[in-house]
Each structure stands twice: as structure tokens, then as C-alpha cells.
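A quick write-up on the structure given underneath.
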Amino acid sequence: MFFFRMIFRSFSRQFKRRLLIAVTVCLSATVSVAMLGVVFDVGDKLNAELSTYGSNITVQPKADAVVNDLYNTGGDANSNASGTSESDPTTFLKESDAPKIKTIFWAFNITNFAPELNIHADVNCASESVDSSSCKASGVPIVGTWFAKTLHMDSGESTVAGMNGMRSWWKLDGSWPKDDSAQGLIGTTLASKLGVTKGDTVTLYKTTADGSRNKQRITITGIYDSGDSDNNAMYIPSSTAQVLANLPDSIDKIEVKALTTPDNDLARKASKNPNALTQDEWETWYCTAYPSSIAYQIEEVIPGSVAKQVRQVAALQGDVLQKTQAVMVLMTVLSLVAAAIAVANLMAASIGERGSELALLKAIGATDGAVSRLMLAETAVISLIGAIVGALLGSGVAQIVGHVAFGSGITMRPMVFVLVFVLLTLTVLIASFSSIRSILGLKPAEVLHGR
């Protein structure tokens, strides 16, 4: 009972100092919970944010991939029709195989995909508002693709795939075309060259491999600005492009947008040669959403394909993620250091003011350990209250950061709270070490006689 009375008197006499310790620990807990909460959830958020700027995996026919590797003829994965080659593809994948991408192990990480048939055609205007004699162009890049195609999977689920979600950065004047229609989009550069506007109709002419001359009238529903050389192209539904080129069920590329885990040494080793992995390495790699493992699984379900990650996008995602996490971890460390310094100073000041009280305790028989435990108990109770309040505030701050930076909330994992409480416990113990040493050095006779 004596010790409980002493604790009560200590709280009443030094309320302000105790309050400062609680506030210090609370602020440190708030920053730590908020920053670590974001760190543990920022990977998916950043990948989702960066993936709005294009695909991070491309799928090609195996023969094309070999040629690209040998002669370095592959363009940017997002350039599509603006690649360096002006010839039509000669090897193809089946468009009907494209939905199989959503059947792989990491299907839920595939946020969008769009097949493409990249061909070239001659364009003549067919609008009364445009001078058809001057509105002609030869060898125009034409991309047959999906815009917002609804797919019904064998599992009973439905998904929407297409360029509508793959080209979110485009500035579009007009509306997206409908799939399986005679509608299309035209780039700003090509539209200016032809003098056409949205609502106009143009005619595409294409000489097929068998020598026939096909034509297709296309109504322009919108004019897009991609910010690059892709503005020289036209986008039309894949089914329309296949009829024009007499290439049924044919595509030469699939762009895939996937949420991925940044590469590490294991992923880089697997991307060079998956067969070189041990059994344990294989299972870890295959069951982790690395770009290379997702690409490998895509190759498994699409016959005759090679899937590759877009190195620039993958590197950017990993680099931004690491730097963001480093900044947040640094802020957490600095907050803990600041808390340790503040708690140590406050405890030292408290012991200085309570020197005679502690000396009296030792004089009447309290051991150094008992007095040390008394001080640690007081500090622990105060710190625990501050930590709990700080954890609640930190969760709220994390949600604010998530909504402001990523437009969605942060998923707070239990390990964040456990880790923060462990770190704060170590911080308080380290901060208390110097104060405990001063308690052990108290000599009751000298203190009580004012020496």
C-alpha cells in the first residue's frame, strides 16, 4: 500500500511532466503508426498509381519476340502503332486466347489488358464537309483493339478489358468507340493532316495477302492526344481490323496491366532462366507477383506466346517504391529518436526534483531495484496511455495520407501496431537507462542532509 500511495502522490505533484511524457510518446506513436502503415501498404498503391500510365507486360508471338531480341527492333510497349516498323506483322496469336490471361494464378492482379492487331492502310475522307481530293494518306498505322469489351469467364465471373482503361492519360475530344462496330478514334496529328473532326467518316483501304482490295468505312467518334508519335494512328475495333486485313481471330500483341511486386535477386535470376531455380526458389517465385512470374504464367496459357515485362516501367515502380519507403522509415526513426531524447530529459528532470523523495525511500529500506521499478512503472503506464492514443491517431493520419496521395484508404495491418509498440518499448527503456543509473547513484544521507 505504501508504494501505491507514493505513486499517487508522484502523479499529483508532477502531473505536467507526466503529461509531457505522454504527449511525446503519443506524437511518436502517431508518426510511427502512420508512416509504417503506409509503408506496408504503399506497394500496391504505388503500382496501381503508376500502372495508369500504361502496361507493364507485353505478349507477342514467339517468332516476333526472337526477332526483336536479335535485332533490337521492339518499340516502347505503349507506342503500339508508332513503332519503327512500317510493315504488317506476319506471325499472330489468336484473339480468342486473350481472355485466358484472366485464368492464371495471379488473375486478380491483372487489372486490364487489350489485344492489338497492328496493320497499315490507306485513308480517304468520305465526308461532305471535307475536300476528299486533298484528304488522303497512305500507309496509316491502324490498331485493331478492344475498347471496353465485356468478357464472360468460364468461372461465371465477368470482366471488362480494353483501351478505355489502358490509356487513361489520353486527352480525348469525343467518346470511345463501341466494340464490334464501324467506329474509331484518330490521333490529333493524323486528324490535322486529313482535316477531319469527330463525327466525320473516313474510308480505309487495305490490300490483303491474297491480293484483294478491301475497304471499310469508319465513323470518327473522338480525337485523342497521346502526347507522342502515336497521334499519327487510328484505333478501331479488332473485329473490324481483322475483316479489313482478312486476318480472322488474329492479333500480334497483347498489352497487360498488372499489379506486381518489385524485382529482387530471385526475380532477376528467374527472368534469366526459370529452370535454374531450386524447388524452393521456384515455389517462392511462382507464388509471388513478380512481373517475370506473371509473364511466365501468361505464356503457359497462351500458345506460341512470349510475355515480357516492360523494363522501364518495372524499374520505375521498384525505384519509386524503395525511395518512398525509405523516406517513411527515416521519418519513423527520427520520431523515435526525438521521443527517446525527450523522455530521457523529462525523466532526468523528474528524478532531480524528486531526489529527496527517492532518497527517503532508499533510507527506509527500499532497494535500488524497487526504486528503479517504481520509476519504470510510472513511465510505462504514462507511455502506454500515450502509445494507445497515438496508435489511434496514427491510423487516422494514415487514412488521410492514403486518400490524399492515392485516392483510397490504407489497410492497417496488425503487425504495424505490434512493431510500433515494440519499438516504443525499446525507446522508453533506452531513454530510462541514464535515469536509472542516477537513481542507483543516490546516497540517502547526502541527499536528505542537503549535500
Looking at side-chain heavy atoms only, is the closest gap between [X] and [Y] below 4.5 Å?
| X | Y | answer |
| --- | --- | --- |
| Glu116 | Ile251 | no |
| Trp146 | Asn112 | no |
| Asn118 | Pro141 | no |
| Ile57 | Phe113 | no |
| Asn264 | Tyr290 | yes |
| Ile101 | Ile302 | yes |
| Lys253 | Glu255 | yes |
| Met331 | Leu334 | no |

[atom1]/[X] to [atom2]/[Y] distance, rounded to the nearest 0.5 angstrom?
| X | Y | atom1 | atom2 | value |
| --- | --- | --- | --- | --- |
| Ile104 | Ile110 | CD1 | CD1 | 4.5 Å |
| Leu194 | Asp200 | CG | CG | 10.0 Å |
| Trp169 | Tyr224 | CH2 | OH | 11.0 Å |
| Phe147 | Asn164 | CZ | CG | 9.5 Å |
| Asp173 | Thr188 | CG | OG1 | 10.5 Å |
| Asn56 | Ile294 | CG | CD1 | 7.5 Å |

Residues that [X] engages under ring pair (Phe, Tyr, Trp, His ring centres under 6.0 Å), provided they are two or more places apart:
| X | answer |
| --- | --- |
| Phe108 | none |
| Tyr296 | Trp282, Trp285 |
| Trp176 | Trp170 |

Exercise for the section: Indicate whether the side chain of Thr278 and that of Asp280 have a donor and an acceptor atom separated by less than 3.5 Å. Expected result: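 Per modelled atom types, Thr278 and Asp280 side chains form no pair under 3.5 Å.
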Problem - Short side-chain donor-acceptor distance under 3.5 Å, Glu95 and Ser238 - result: yes
Completion exercise
Heavy-atom nearest pair, Ser383 first then Val25, reads O-CG1, 3.4 Å
Is there a donor-acceptor pair under 3.5 Å between the side chain of [X] and the backbone N or O of [Y]?
| X | Y | value |
| --- | --- | --- |
| Ser395 | Ala391 | yes |
| Thr332 | Leu330 | no |
| Ser32 | Ala29 | no |
| Glu299 | Ala307 | yes |
| Thr240 | Ser181 | yes |
| Lys257 | Gly165 | yes |
| Asp179 | Ala148 | yes |
| Ser293 | Thr288 | yes |
| Thr427 | Leu423 | yes |
| Gln399 | Ile410 | yes |

Handout entry: Qualifying residue for side-chain contact (heavy atoms from CB on, under 4.5 Å) with Met234, from Val143, Leu185, Ile186
Key = Ile186
Practice task
Only one of Ile388, Val381, Ile382 passes side-chain contact (heavy atoms from CB on, under 4.5 Å) with Leu384; say which it is.
Solution key: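 For Leu384, the side-chain contact (heavy atoms from CB on, under 4.5 Å) test succeeds with only one of Ile388, Val381, Ile382, which is Ile388.
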Problem - Carboxylate-amine/guanidinium proximity below 4.0 Å for Glu157 and Lys102 - result: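 Answer for the salt bridge query: no.
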Practice task
Dump the intermediate steps for side-chain contact (heavy atoms from CB on, under 4.5 Å) on Phe92 and Leu117, then the final yes or no.
Solution key: CA-CA 9 Å; Phe92 305 94; Leu117 176 61; 3.9 Å; yes
Practice task
Could you walk me through whether Thr197 and Ile220 pass the side-chain contact (heavy atoms from CB on, under 4.5 Å) test, one step at a time?
Solution key: CA-CA 7 Å; Thr197 61; Ile220 303 300; over 6 Å; no
